[in-house]
Amino acid sequence: MSEEKSLNFIEEIIEADLANGKYPTILTRFPPEPNGYLHIGHAKSICLNFGLGIKYGGKTNLRFDDTNPVKEDTEYVDSIKEDVQWLGFNWEKELYASDYFEQLYLLAVDLIKKGLAYVDDLSAEEIAALKGTPTVPGMDSTNRARTINENLVLFAEMKAGKYKDGEKVLRAKIDMASPNMHLRDPLLYRIKHAHHHRTGDAWCIYPMYDFAHGQSDSIENITHSICTLEFIPHRELYDWLIEKLEIFPSEQYEFARLNMTYTVISKRKLLQLVNEGHVQGWDDPRMPTISGMRRRGFTAESIRNFCEKIGVARRENMIDFSLLEFCLREDLNKSALRVMGVLDPVKLIITNYPDTQTEELVSENGPDDAYGTRIVPFSKELWVEREDFMEEAAKKWFRLAPGARVRLKSAYIVQCDGFTKDENGLVNEIHCSYLPETKSGSDTSGLSAKGTIHWVSVPHALPAEVRLYERLFKVENTASEEGDFKEYINEDSLKIISNAWVEPSLQTGTTATRYQFLRKGYFCLDKESTADKLVFNRTVTLKDAWLKEVKKH
RNA sequence: UGGGUUAUAGUGUAAUGGUAGCACUACAGAUUUUGAUUCUGUCCGUCUAGGUUCGAAUCCUAGUAACCCAACCA
């Protein structure tokens, strides 16, 4: 039954490694720096790393790459853990690069003893000047010739706090003429008299990425260390350090990071959007952060499916936002409760319906019988969608218009007889007569209506605020446009409707409940919603064939 | 213009010398008490030029384009 599914290039490597006995089992890791919130690009990495662990019966660690104390905070650690768990993954161990500071220090001492690292007194500017350029070889620092003993003493003094920030660094002794800039005696340690969110003031020297990441991988016996393409030039250094240190040979593999149309996916840019007030926080429902998407109403399942569909490769990519929406709708369609809500209300009066009568009609809750039914109250006055009425019916118009017949969902077929306008010329009442024998479930009329519309009974309706979201940017790819990415922000990405009406069954529900407002889209309760003031987020619209028809003309 | 990486429909991803497939998008139709869902169909592709081969997306040669690398960030 199971179809042969093609492997991505990392799976091929793993299967080969397992087949030839290179490793008995695999261990991967997801290694975020706790300096911001996770976004959809991280989700790709999470699904990849944890997915491989699951697929091949191995394990995956969650490791915080917390080697730069001035940028990191426990706030981010907590949010990252929450997001990974929410996505549905369990880590083998929760680890921190800062747990290895002592071991890393000893590894650095080892490197010095091997004559492969030295303490340099040059300033950042001087080091940069001597580094050369991609086309011009670098030149040795005079400190490169220091003896092993001298280096040992100086490095110990760095650790002991004898020097101020920037006075000294530890560098690997490799090749100042290498065509790979990362091999021109890269910095291994720098001095930072800064408070670390976990180690406090215990350290004033901190390892650089290149002397922490691969070593942490090795300490944990990570078999496949998977990162993004921009780390390709680091791999030579990654391998060099592991070889010279004679530690567990973890191997680095790189894949292309996720790019998506109509958004930005970079911590730096997302941070700007938050700090400059273009959005209301990291979990603003317009943000491509995991927390933003969760608040917006995305399901973890839909995000995992998306990550599965986009694949893993080594070429630059730009994924259509519509694929994400497809995955979202695909999942929500299966699980969302069907309810009725009117976003732009206009009153419909059933002239031949008894003034004080109320009926309890039965309507289905979901896409199949398993969801059961609920009671929806019906009466003489209903709220219906303003856009479902036209004074003069257009071609192919299936909805309300004078003389036209429509089905009120789960209720009756009504015939539109007329309408009234207010002093501003705005339609304020639609007058209809209902056909009693067309009652839903017991229709004996033999009549049919082309269109079916949703409604809410006026005396029973609950007021609600509804927040509609559009894409955050006006252009597909801000990076390929002139100027700053913020010039392309869509100012209309949030529309708040304060006078919507929803059916009474929506009084109870949690932020975990997913709804489909019939014909209007998928919605969920926002975290700001209260029993007195319901607030809904529109997660995504339904596909709308009529809208397309209208746009054609 | 030093080094590295990558080029397959509009987008993403397969095909590991042997029928260029799948998904999204777009378009058309059927069904529908959601103009949703579901179902059916259509359009559209191997960066270029040579070469090897019975046979090339795949191998070779030469181009072209895009991205990455000169932070005491990760």
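All values below come from the heavy atoms of this structure, side chains included, with hydrogens, waters and symmetry mates left out. Predicted model only: the values in this text are computed from it and were never measured. Per chain, numbering begins at 1; letters A, B, ... match sequence-line order.
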Worksheet entry | Nearest-Å distance once atom C1' is located in both B:U8 and B:C47 | 10 Å
Practice prompt. Using a heavy-atom cut-off of under 4.0 Å over every strand shown, decide if A:Leu542 touches base, sugar-phosphate, or nothing.
Written response: base
Worksheet item: Within the structure, does a side-chain N or O atom of A:Arg314 lie under 4.0 Å from either OP1 or OP2 of B:U5?
Response: no
Discussion item. Would you measure the distance from the P atom in B:A62 across to the matching atom in B:C68 and give it in whole Å?
Written reply: 26 Å
Fill in: Candidates B:C67, B:C72, B:A36 - which lies nearest the side chain of A:Lys543
B:A36
Discussion item. Suppose you measure atom P in B:G29 against the same atom in B:A14; what distance do you get, rounded to whole Å?
Written reply: 35 Å
Worksheet item: What interatomic distance, in whole Å, is found between C1' of B:C59 and the corresponding atom of B:U52?
Response: 8 Å
Item to complete: Report yes if a side-chain nitrogen or oxygen of A:Arg519 is closer than 4.0 Å to either non-bridging phosphate oxygen (OP1 or OP2) of B:A36; otherwise report no.
Response: no
Discussion item. Is A:Lys192 close enough to B:C73 that one of its side-chain N or O atoms is under 4.0 Å from OP1 or OP2 there?
Written reply: yes
Item to complete: Give a yes or no on whether a donor-acceptor pair under 3.5 Å exists between the nucleobase atoms of B:G4, that is its base, and the side chain of A:Asn180.
Response: no
Discussion item. Between A:Asp443 and A:Arg407, does any NZ, NE, NH1 or NH2 come within less than 4.0 Å of an OD or OE carboxylate oxygen?
Written reply: yes
Worksheet item: Rounded to the nearest Å, what distance is computed from the CZ atom of residue A:Arg407 to the P atom of nucleotide B:U32?
Response: 14 Å
Item to complete: Could you tell me whether A:Leu518 contacts a base, only the sugar-phosphate backbone, or nothing, with contacts defined as non-hydrogen atoms closer than 4.0 Å?
Response: base
Discussion item. Please determine whether a side-chain nitrogen of the Lys or Arg among A:Glu325 and A:Arg471 lies less than 4.0 Å from a carboxylate oxygen of the Asp or Glu.
Written reply: no
Worksheet entry | Stacked cation flag A:Lys439 on A:Tyr412, 6.0 angstrom / 45 deg | no
Worksheet item: Hey, is A:Lys71 close enough to A:Glu33 for a salt bridge, meaning N to O under 4.0 Å?
Response: no
Discussion item. Need one value for A:Ser123: base, sugar-phosphate or nothing, where a base atom within 4.0 Å counts as base even if backbone is also close, heavy atoms only.
Written reply: base
Worksheet item: Is the shortest side-chain N/O distance from A:Lys309 to OP1 or OP2 of B:C24 below 4.0 Å?
Response: no
Response to the item:
In whole angstroms, the gap separating C1' of B:G4 from CZ of A:Arg184 amounts to 14 Å
Practice prompt. Scan A:Pro367 against the nucleic acid and name what it touches under 4.0 Å (heavy atoms): base, sugar-phosphate only, or nothing.
Written response: nothing
Worksheet item: Are a donor atom and an acceptor atom from the side chains of A:Asp210 and A:His234 found within less than 3.5 Å of each other?
Response: yes
Discussion item. Work out how far the C1' atom of B:U46 is from that of B:G17, and round it to whole angstrom.
Written reply: 15 Å
Fill in: Integer angstrom distance from the P of B:U25 to that of B:G12
15 Å
Discussion item. Counting only side-chain nitrogens and oxygens, does A:Lys548 get under 4.0 Å of the OP1 or OP2 atom of B:C27?
Written reply: yes
Worksheet, complete the sentence: A:Lys409 atom NZ is separated from B:G35 atom C1', nearest whole Å, by 14 Å
Fill in: Sugar-phosphate only, base, or nothing, as touched by A:His234 at under 4.0 Å among non-hydrogen atoms
base
Worksheet item: Is the cationic atom of A:Arg198 (NZ for Lys, CZ for Arg) positioned less than 6.0 Å from the six-membered ring centroid of A:Tyr96 and within 45 degrees of its normal?
Response: yes
Fill in: Options B:C73, B:C24, B:U33, nucleotide nearest the side-chain atoms of A:Thr452
B:U33
Discussion item. Over all strands shown, is A:Asn317 touching base, sugar-phosphate only, or nothing at heavy-atom distances under 4.0 angstrom?
Written reply: sugar-phosphate
Worksheet item: Hey, does A:Ala313 reach any base, or is it just sugar-phosphate, or nothing, if we go heavy atoms under 4.0 Å?
Response: sugar-phosphate
Discussion item. Base, sugar-phosphate or nothing for A:Arg315? Non-hydrogen atoms, less than 4.0 Å.
Written reply: base
Item to complete: Would you mind classifying the nucleic acid contact of A:Gly521 as base, sugar-phosphate or nothing, using non-hydrogen atoms under 4.0 angstrom?
Response: nothing
Practice prompt. Taking only the side-chain nitrogens and oxygens of A:Arg257, find out if one of them lies under 4.0 Å from OP1 or OP2 of B:C68.
Written response: no
Worksheet item: Which part of the nucleic acid, if any, lies within contact of A:Ser410, taking any heavy atom under 4.0 Å across all strands shown: a base, the sugar-phosphate backbone alone, or nothing?
Response: base
Discussion item. Looking at A:Arg235, I'd like to know whether one of its side-chain N or O atoms comes within less than 4.0 Å of OP1 or OP2 on B:G3.
Written reply: no
Discussion item. Applying the Watson-Crick and G-U wobble criteria at under 3.5 Å, what pairs with B:C54? Answer none if nothing qualifies.
Written reply: B:G18
Worksheet item: Does the distance from a Lys or Arg side-chain N to an Asp or Glu carboxylate O, for A:Asp388 and A:Arg399, drop under 4.0 Å?
Response: yes
Worksheet item: Between atom CD in A:Gln252 and atom P in B:A74, what is the gap in whole Å?
Response: 15 Å
Worksheet entry | Pairwise P distance for B:C27 and B:A36, with rounding to whole Å | 13 Å
Worksheet item: B:A23 P sits how many Å from A:Asn8 CG, rounded?
Response: 19 Å
Worksheet item: How is A:Gln516 classified with respect to the nucleic acid when contacts are heavy atoms under 4.0 Å: base, sugar-phosphate, or nothing?
Response: base
Item to complete: Could you work out which one of B:C24, B:G12, B:G35 sits closest to the side chain of A:Leu323?
Response: B:C24
Discussion item. Please report the distance, rounded to the nearest Å, between CG in A:Asp175 and C1' in B:G3.
Written reply: 13 Å
Item to complete: Write down the distance between NZ (A:Lys551) and C1' (B:A26), rounded to a whole number of angstrom.
Response: 14 Å
Practice prompt. Assign A:Arg329 to base, sugar-phosphate, or nothing according to its heavy-atom contacts below 4.0 angstrom with the strands shown.
Written response: nothing
Practice prompt. Pick base, sugar-phosphate or nothing for A:Ser440, based on heavy-atom distances below 4.0 Å to the nucleic acid.
Written response: base
Worksheet, complete the sentence: In whole angstroms, the gap separating C1' of B:U37 from CD of A:Glu330 amounts to 12 Å
Fill in: Lys/Arg-Asp/Glu bridge criterion (N-O < 4.0 Å) met for A:Asp120, A:Arg144
no
Worksheet item: Mind checking the P distance from B:U5 to B:A9? Whole angstroms is fine.
Response: 22 Å
Worksheet item: With a non-hydrogen cut-off below 4.0 angstrom, is A:Phe326 in contact with a base, only sugar-phosphate, or nothing?
Response: sugar-phosphate
Worksheet item: Is any side-chain N of the basic residue among A:Arg519 and A:Glu385 closer than 4.0 Å to the acidic one's carboxylate O?
Response: no
